[in-house]
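Here the structure comes first, spelled out in C-alpha cells, and everything after it is commentary.
Owing to the predicted nature of the structure, the values given are computational and were not obtained by experimental measurement. Whatever order the structure lists them in is the order used to number ligands and atoms, beginning at 1. These values consider heavy atoms only, across backbone and side chains, with no hydrogens, waters or symmetry-generated copies.
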Amino acid sequence: MILGRTLDERMLGLQRQGRIGFYGPATGQEAVSLGAWLAIAESDWVFPGLREQLLALARGHSLVTYMHHLFADDLDPARGRQMPCHPTAREVRYVSMSSVIGTQISQAVGLAYGQKLRHDPGVALAFFGDGATSANDFHAGMNFAGALSLPVVFCLTNNQWAISIPVQRQTHVDVLAEKANAYGFSGVRIDGTDVVAVHAALKEALDRARTGGGPSLIEFVVFRMTPHSSSDDPSRYQPADFLVRGRARDPVARLARLLRDRGVLDDEVVRTVAADADARVRSAVKEAEATAPPDARSLTTDVFLPPGSGGG
Ligand SMILES: Cc1ncc(C[n+]2csc(CCOP(=O)(O)OP(=O)(O)O)c2C)c(N)n1
Ligand SMILES: [Mg+2]
C-alpha cells in the first residue's frame, strides 16, 4: 500500500513536469486491491477498472515494466499504443485496462462463461466504479451472470464520484449493492478502506463462485483522495469537507493502526518500507527514462500480418 502511495505522489509530480503524459492515482482505494490480492487464487482473472494497478504489482507484475508503460517507451508491453496508465499484465492474468467505462464487466462475464464451460476453477473478478453502474455493460453483465450462474465477482468500488458527478446523481438507490437483488444474487456493501473487511467479503464471494454458487456483487465504499486523474481539478466541484472525511478513513493509516495494536509494526518497519518503496520507484523511473521511445516503424508490429505471410 505504501508502494502504491509512493507511486501516486511521484507519478502525479512527473506528469506536472511533463515527463509522463497522464496518470490515474488510486490513493484512498489501496485496501481494495490489497484485500483482493490476499483473497484471490493464481487461476483467477482480474478485469480492472481505473485504479487496480496495485493488484497487478502485488500479483507479481514488474514495477519496472509498469514504469516502461507509464513512459510509453520501447519496453512498454503495449509499445505506446495504449493510453498511459492503462497497464496490461498478461503474465499475472490482469487484463488490459479499458478507458471505455464498463466494457470490462461484460468481458469478465464472458470469460466466466468460458471457465464454466471448461470446468476451469478460475474465477473472473470485474472491478469498476460507481459511475460504471450507469453503463449498459453493467446491466447486461449482471443479468447474464445471474441467469447462467457464472463464476464472477463484481467488485464495485464506490469512491463516491464519477469525475465530477457525485454518486447521488448516478442513481436513485442509496445502496448500490442492492442492485444485485434484481439479478437474483447476493449484493453486500462493505467498508472498502478496511483490508480485513475487503478480504473477508471477497473470500466468501470467491468460495461461492468456485463451488458453483454463482456471482456476487460487493460494493466497496471508499474515498477518492486525489483528483480523478492528472487532468482534473476537484476544487471546482468537490465540497471541502470531502477530503477531511476521506483522511479520517485513510486505508493505509487504518491498517498501520491495526498492525501497531497487534505489535507487528513499529516506526522502524514503516521507515524501512517507505525507503524501499521510494528507492524502487526512483530506480524504475531512471530505467524507463533511459529507454528509447518505440520505433515509429513498430506501429503496425503485432497488429497486421506482414504482407504475403499468408496467415488466416
Ligand atoms: C463509456 C464512457 N463514458 C464516459 C467516459 C469518460 N469517463 C472517464 S472516467 C469516467 C468516470 C468513471 O467513474 P467511476 O466509474 O465511478 O470510476 P472512478 O473514476 O471513480 O474510479 C468517465 C465518465 C468513458 N471513459 N467511457
Ligand atoms: Mg467513482
Side-chain angles (χ1 to χ4, degrees), residues 1 4-5 7-8 11-12 15 21-36 46-56 82-88 94-109 125-142 153-180 187 189-193 198 217-239 242-243 245-246 249 251:
M1 290 167 88
R5 205 150 281 197
L7 261 172
D8 282 1
M11 293 304 120
L12 284 171
Q15 195 278 340
F22 174 85
Y23 189 72
T27 294
Q29 305 190 186
E30 297 92 340
V32 175
S33 280
L34 264 292
V46 174
F47 289 75
L50 303 180
R51 306 174 200 281
E52 284 74 37
Q53 52 266 46
L54 209 46
L55 177 48
Q82 176 56 299
M83 281 263 296
C85 203
H86 286 51
T88 172
Y94 184 95
V95 175
S96 185
M97 178 188 148
S98 165
S99 240
V100 186
I101 296 299
T103 48
Q104 75 279 16
I105 300 173
S106 40
Q107 290 162 3
V109 170
L125 292 99
F127 288 86
F128 51 95
D130 41 295
T133 62
S134 302
N136 294 343
D137 289 86
F138 173 73
H139 303 289
M142 296 269 290
V153 181
F154 298 101
C155 303
L156 193 187
T157 304
N158 177 1
N159 65 7
Q160 310 177 49
W161 296 92
I163 312 185
S164 57
I165 304 291
V167 66
Q168 295 80 9
R169 281 181 55 203
Q170 206 69 242
T171 176
H172 264 197
V173 303
D174 290 330
V175 178
L176 294 172
E178 285 175 6
K179 290 179 185 255
R189 166 183 270 194
I190 64 145
D191 183 342
T193 67
V198 170
L217 170 68
I218 308 173
E219 176 186 0
F220 302 106
V221 180
V222 300
F223 287 78
R224 194 192 80 203
M225 292 169 70
T226 58
H228 168 77
S229 73
S230 52
S231 312
D232 176 42
D233 174 11
S235 70
R236 295 176 57 185
Y237 59 82
Q238 209 170 56
F242 182 77
L243 261 192
R245 288 188 290 127
R249 300 263 293 281

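Among all non-hydrogen protein atoms, the one lying nearest atom 24 (C) of ligand 1 is Ile101 CG1, 3.4 Å. What sits closest to atom 15 (O) of ligand 1 on the protein, heavy atoms only, is Ala132 N, 3.0 Å. Of all protein heavy atoms, the one closest to atom 25 (N) of ligand 1 is Ser99 O, 2.7 Å. For atom 21 (O) of ligand 1, the closest non-hydrogen atom on the protein side is Arg51 NE, 2.8 Å.
Within a 4.0 Å radius of atom 6 (C) of ligand 1, the protein has no heavy atom.
Within ligand 1, counting atoms from 1 as listed, the ones closer than 4.0 Å to a heavy atom of His228 are 9 (S), 19 (O). The distance from ligand 1 to the heavy atoms of Leu50 drops below 4.0 Å at these ligand atoms: 9 (S), 17 (O), 18 (P), 19 (O), 21 (O). Every atom of ligand 1 is numbered from 1 in the order shown, and the set under 4.0 Å from a heavy atom of Ala162 is 11 (C), 13 (O), 16 (O).
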Assess whether side-chain contact (heavy atoms from CB on, under 4.5 Å) is satisfied between Arg236 and Ser164, documenting all intermediate values. CA-CA 9 Å; Arg236 295 176 57 185; Ser164 57; over 6 Å; no
Using salt bridge (Lys or Arg N to Asp or Glu O under 4.0 Å), reason through Asp232 and Arg224 one step at a time and then give a plain yes or no. CA-CA 13 Å; Asp232 176 42; Arg224 194 192 80 203; 3.6 Å; yes
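Only side-chain heavy atoms of Asn159 come within less than 4.0 Å of ligand 1; its backbone N, CA, C and O stay farther off. Residue Trp161 touches ligand 1 through its backbone alone, judged by heavy-atom distances below 4.0 Å.
Side chain of Asn158 to backbone of Val221: no donor-acceptor contact under 3.5 angstrom is found. Judged by distance alone, with hydrogens and angles left aside, the side-chain atoms of Glu219 form no donor-acceptor pair with the main-chain N or O of Thr157 at under 3.5 Å.
Two residues are said to be in side-chain contact when any heavy atoms from C-beta on lie closer than 4.5 Å; Val100 and Asp137 fail this criterion. Here the side chains of Phe47 and Phe128 are not in contact, with every heavy-atom distance at 4.5 Å or above.
Ligand 1 has no N or O atom lying under 3.5 Å from any N or O atom of Val100, backbone or side chain. Between Arg224 and ligand 1, a contact under 3.5 Å exists for no N or O pair. Annotation: Gly131 places an N or O atom under 3.5 Å from an N or O atom of ligand 1; distance criterion only. Residue contacts with ligand 1: Ile163 is placed with no nitrogen or oxygen under 3.5 Å of a nitrogen or oxygen of the ligand (distance criterion only). Here's the thing with Gln29: none of its N/O atoms is less than 3.5 angstrom from an N/O atom of ligand 1.
For the Mg ion (ligand 2), the nearest N, O or S atom contributed by Asp130 is named OD1.
Distances from the Mg ion (ligand 2) show that Gln160 has no N/O/S atom below 2.8 Å. Residue contact annotation: Trp161 places an N/O/S atom under 2.8 Å from the Mg ion (ligand 2).
Across Gly141 and Val109, no two heavy atoms sit closer than the pair O-CG2, 3.5 Å.
Between Trp161 and Phe242, the two ring planes are perpendicular [angle over 60°; tilted spans 30° to 60°].
For the residue pair Gln104 and Ser98, no side-chain donor N or O sits within less than 3.5 Å of a side-chain acceptor on the partner. For the residue pair Ser96 and Gln82, a side-chain donor N or O sits within less than 3.5 Å of a side-chain acceptor on the partner.
Taking NE2 of His228 as the start and OG1 of Thr226 as the end, the distance is 9.5 Å to the nearest 0.5 Å.
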